[in-house]
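The structure displayed is predicted, hence computed values, not measured ones.
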Amino acid sequence: MTSARFTNKPRLAALLSILGVLSVLFAVVLGISLHYQENNLRQETLSRLNADFSMIDYAVRDQLLKRNYKNTEDFLETWARSSPAVTRMKGLAPNGFEIAGFEGHPTTGETKTVAHRVVHDGRVLLTLDVEIDLGQASARMREFKRLLIILYPLVVGSLGWFLWEVVRRSAIVPMEFAQSELQRYHEHLEQTILDRTHELEREVEQHAQADRKVQQLAYFDQFTGMLNETGYIERLRDCLEHDCSGLVATIELGGIGDIIGTFGLEASELIIYETGTRLSKSLNETSILARVGQRQFKVLYVPDRNEDFSQLEGVAYRLFHTVQEPFDLMGADVYVNVFMGVSHINVETSTVKHLLTEMEIALHESLQSPSSNVVFFRNSIQERMMRSTQIVSWLHVAIERGVFKLFYQPQIDFKSGAIIGCEALIRWPANDENWISPAEFIPIAEKAGLIEDITVWTVGEACRAGASWARDHDLKLRIGINISAHEMASPDFLIYVDKFITETRIDPAQVEFEITETALMQDIGVATQNLIKIRDMGASVAIDDFGTGQASLAYLKSFPIDRLKIDQSFVRGAPGNATDQAIITSVVKLAHSLDLSVIAEGAEELEHMRLLKDLECDEVQGYFIGRPMPEREFLEFCKTYTFTMA
């Protein structure tokens, strides 16, 4: 009931308020209308009075002149009775004379008094005060006032009722309505909080998912799901902070390119995934495995409590053999080359940077080593690499300044005992007291891409020397020049050979290129073509260090070569070793059967000379005859040398 009363009373108050407002508007409109009517009435009365006075002006003038009236008073009384607008006349002059004119002045009040003076010859003959009755307009105004008195309580009451209801409604709220409003607001607030909570939960989850995705991208390999290099380094750092022991290893897979060419890209992906699976199964729970490159894995092996530190080397080899096992691809067993660099963790001195460096050094040694695919880091390996880096730096300076020198080691013919040639051997005087061996810097130059510059200098210097000996000393000797496998496959090799032969005007028959078996077998087609072109120039070809490489006898007969050089490793032990003697004998017979000559290296003792002569070697070279010598010393040696085996 309270709620119903509360809802109906505002409607009644609103209705009364509307009626009050309409009443006020009606009163205002009525008042304005009565005001205009009063003004119009007053104007009409004054106009009529002015008209009457105009008539008086002419009437008085006419009647006084005609003297139709007894006197002026008689006329005015007659006129006053005939004019409805004139109610009272005062101050009539007793004398009547000629009227010159009149003046009128309205006054204020419920009546309007108009004063007129009759003036003749400058004298006021008559003063007439006329009061105009405005009672009709005053009556209407009184009616309007009475109406306002009636409407005023209604208007004020309606407005008061409206204001009272507004105040009552805002000040006295029914309890039921207050409770319902509070309940509705409470429910709305709860729903708002719930919705915002869900939104915040979704935002938190989105941020968490983004963080997990960033974490996944930053620390995990997307293909295998294992740790990546960044994740591995973080775990390794954490391990070292807790003074863990063990080993770290880098494992690299080789030969994947050939597998992709044979089985497709999916095969390489299968091998990578399978390798990760094998390594994971081979590690304990405390160890870490990461994929750090396209074909590379890193291991942090932390031994269990019951494991001995001396067993870690066996762990490394177990991991190696696990990866080395064949992979099943389309029913075929496929093998990959596995290279492994290992370093032990020293609890006192090891850091993340040092361990990563040691792993890479050991892996590099494994990739370069022809004998061992598992290499444990040693300080000597790092020292050798530092030495190699230093030599590369020195080589650049040496090539630029041309500090190399050629030494010549004589070669003799067993039958005649005469010097028939020499081998040009490069020497590098790093300083006055230190010479760097070709056995050390030539392999480094090949890896550093500097061997071509060295070979170009060697060929040019040898051609110049040979031409000079023939021209100036009447000494026409064959000069053997060593050519690397890289230069043998270079398209520029034959170009600069032909250039130097032409420029120095050396007899091409004086030039012999010594090539190893390895250089021949790297690309048989290219090697064969280059050898043919060398022979076409008039130069000769010898296979150096024969028997130590991988030349096939089937290919040997098709190579355009002139001479085989027996490696000194077979010669030095030959006098007391039947096997070495058998090898030398076989090489000599093979060469002679192919119409090739044989020259043996490493003859340092007289017994070497006698054995090689008995085994029918054609030529010999070694310290027994002469060491490598500078050019001037070599020329003097050639002039005074006499062959003897006494």
Worksheet item: Got a sec, which residues hit side-chain hydrogen bond (donor to acceptor under 3.5 Å, both in side chains) with Ser287, two or more places apart in sequence or on another chain?
Response: Asn284
Discussion item. So Pro410 and Gln621, do their side chains get closer than 4.5 Å, heavy atoms only?
Written reply: no
Worksheet item: Does the side chain of Leu283 come within less than 4.5 Å of Val299's, by heavy atoms?
Response: yes
Item to complete: Rounded to the nearest 0.5 Å, what's the gap from CH2 on Trp457 to CD1 on Ile426? Could you check?
Response: 5.0 Å
Practice prompt. Report the residues that fulfil salt bridge (charged side-chain N to carboxylate O under 4.0 Å, His left out) with Asp453, sequence neighbours left out, ordered by chain and then residue number.
Written response: none
Discussion item. Asn228 vs Phe220, test: side-chain contact (heavy atoms from CB on, under 4.5 Å). Steps then yes/no.
Written reply: CA-CA 5 Å; Asn228 58 16; Phe220 292 90; 5.5 Å; no
Item to complete: Look up atom OG in Ser282 and atom CG in Leu319, then write down how far apart they are to the nearest 0.5 Å.
Response: 6.0 Å
Worksheet item: Can you find a heavy atom in the side chain of Lys281 that is under 4.5 Å from one in the side chain of Thr322?
Response: no
Fill in: Closest heavy-atom pair and its distance - Pro438, Pro443
O-CD, 3.6 Å
Practice prompt. Please list, chain by chain and in numerical order, all residues satisfying salt bridge (charged side-chain N to carboxylate O under 4.0 Å, His left out) with Glu229, sequence neighbours excluded.
Written response: none
Discussion item. So Lys565 and Asp545, do their side chains get closer than 4.5 Å, heavy atoms only?
Written reply: no
Item to complete: Could you tell me whether Met386 atom CE has more than 12 heavy atoms of other residues or ligands within 6.0 Å of it?
Response: no
Worksheet item: His344 and Phe377: aromatic ring centres closer than 6.0 Å?
Response: no
Practice prompt. Could you give me the CA-CA distance, side-chain angles and deciding distance for Glu252 and Gln296, then say whether side-chain hydrogen bond (donor to acceptor under 3.5 Å, both in side chains) is met?
Written response: CA-CA 4 Å; Glu252 183 167 321; Gln296 197 175 96; 2.8 Å; yes
Fill in: Partner residues of Glu360 under the salt bridge (charged side-chain N to carboxylate O under 4.0 Å, His left out) criterion, sequence neighbours left out
Lys298
Fill in: Arg235 to Tyr232, cation-pi by 6.0 Å centre distance and 45° axis angle
no
Worksheet item: Under the salt bridge (charged side-chain N to carboxylate O under 4.0 Å, His left out) criterion, do Glu234 and Arg237 qualify, and how do the steps go?
Response: CA-CA 5 Å; Glu234 289 297 323; Arg237 180 178 289 109; 3.3 Å; yes
Worksheet item: Going by the side-chain hydrogen bond (donor to acceptor under 3.5 Å, both in side chains) test, which pairs reach into residues 379-391, not counting sequence neighbours?
Response: Glu365-Arg384, Arg387-Glu440
Worksheet item: So do Val352 and Ile233 actually touch side chain to side chain, heavy atoms under 4.5 Å?
Response: yes
Worksheet item: disulfide (SG to SG under 2.5 Å): which pairs involve residues 238-300, sequence neighbours left out?
Response: Cys239-Cys244
Worksheet item: Mind checking what makes side-chain hydrogen bond (donor to acceptor under 3.5 Å, both in side chains) contact with Glu203, not counting sequence neighbours?
Response: none
Item to complete: Would you mind reporting whether Leu312 and Tyr301 have side-chain heavy atoms less than 4.5 Å apart?
Response: yes
Practice prompt. State, to 0.1 Å, how close Ala600 and Cys617 come at their nearest heavy-atom pair, and which atoms those are.
Written response: CB-SG, 4.2 Å
Item to complete: Would you name the heavy atoms of Thr275 and Leu253 that are closest together and state the gap between them?
Response: OG1-CD1, 3.7 Å
Worksheet item: Are Glu452 and Tyr496 close enough that a side-chain donor and a side-chain acceptor fall under 3.5 Å?
Response: no
Fill in: Heavy-atom check, side chain of Leu406 versus side chain of Leu425, under 4.5 Å
no
Worksheet item: So, does Thr528 use its side chain to make a donor-acceptor pair with the main chain of Phe559 at under 3.5 Å?
Response: no
Worksheet item: With no hydrogens and no angle check, is any side-chain donor or acceptor of Asp544 less than 3.5 Å from a backbone partner on Ile515?
Response: no
Worksheet entry | Exam field: side chain Ser350 to backbone Ile345, donor-acceptor pair closer than 3.5 Å | no
Practice prompt. Could you list all the salt bridge (charged side-chain N to carboxylate O under 4.0 Å, His left out) pairs where at least one residue sits in residues 285-294, not counting sequence neighbours?
Written response: Asp221-Arg291
Discussion item. For Phe407 together with Trp435, are the ring centres under 6.0 Å from each other?
Written reply: yes
Worksheet item: Considering all heavy atoms of both residues, which atom of Ala445 and which atom of Leu395 are nearest to each other, and what is their separation?
Response: CB-CD1, 3.9 Å
Discussion item. For residues 366-378, which residue pairs pass the salt bridge (charged side-chain N to carboxylate O under 4.0 Å, His left out) check, not counting sequence neighbours?
Written reply: none
Worksheet item: Between the side chains of His354 and Thr351, is a donor N or O closer than 3.5 angstrom to an acceptor N or O?
Response: yes
Fill in: Side chains of Glu619 and Gln411, donor plus acceptor under 3.5 Å
no
Worksheet item: Sub-3.5 Å donor-acceptor pair from the side chain of Ser490 to the main-chain atoms of Glu487, do we have one?
Response: no
Discussion item. Do Phe376 and Glu313 have side chains that approach each other closer than 4.5 Å (heavy atoms only, starting at C-beta)?
Written reply: yes
Discussion item. Tell me if the centroids of the rings in Phe570 and Phe546 come within less than 6.0 Å of each other.
Written reply: no
Item to complete: Without swapping roles, check the side chain of Ser372 against the backbone of Val375 for a donor-acceptor pair under 3.5 Å.
Response: no
Worksheet, complete the sentence: Applying side-chain hydrogen bond (donor to acceptor under 3.5 Å, both in side chains) to His396 and not counting sequence neighbours gives none
Practice prompt. Mind checking the CD1-CD1 spacing from Ile442 to Ile436? Nearest 0.5 Å is all I need.
Written response: 11.0 Å
Worksheet item: Do Val571 and Glu601 pass the side-chain contact (heavy atoms from CB on, under 4.5 Å) test, and can you show the C-alpha distance, the side-chain angles, and the key distance before you say yes or no?
Response: CA-CA 7 Å; Val571 174; Glu601 298 179 293; 5.8 Å; no
Extract all donor-acceptor atom pairs below 3.5 Å that involve side chains of residues 325-343 and protein atoms in other chains or at least two apart in sequence.
{"unit_1": "Asp328", "atom_1": "OD1", "unit_2": "Gly331", "atom_2": "N", "d": "3.1"}
{"unit_1": "Ser343", "atom_1": "OG", "unit_2": "Glu358", "atom_2": "OE1", "d": "2.5"}

Worksheet item: To the nearest 0.5 Å, how far apart are CD1 in Ile361 and CE in Met385?
Response: 6.0 Å
Practice prompt. Name all residues meeting the salt bridge (charged side-chain N to carboxylate O under 4.0 Å, His left out) criterion together with Glu604; count only those two or more places apart in sequence or in a different chain, and write none if there are none.
Written response: Arg572
Discussion item. For a side-chain contact (heavy atoms from CB on, under 4.5 Å) check, start with the C-alpha distance between Leu590 and Ser593, then their side-chain angles and the critical distance, and finish with the verdict.
Written reply: CA-CA 5 Å; Leu590 174 65; Ser593 66; 4.2 Å; yes
Worksheet item: Is the number of heavy atoms from other residues, nucleotides or ligands within 6.0 Å of CD (Glu241) greater than 12?
Response: yes
Response to the item:
To the nearest 0.5 Å, atom OG1 of Thr455 lies from atom CG of Asn482 at 9.5 Å
Worksheet item: Can you name the nearest heavy-atom pair linking Val620 to Ile599, along with the distance?
Response: N-CG1, 3.9 Å
Discussion item. If I take atom CZ from residue Phe320 and atom CD from residue Gln324, how far apart are they, to the nearest 0.5 angstrom?
Written reply: 3.5 Å
Worksheet item: Between the main-chain N or O of Glu605 and the side-chain N or O of His608, is there a donor-acceptor pair closer than 3.5 Å?
Response: yes
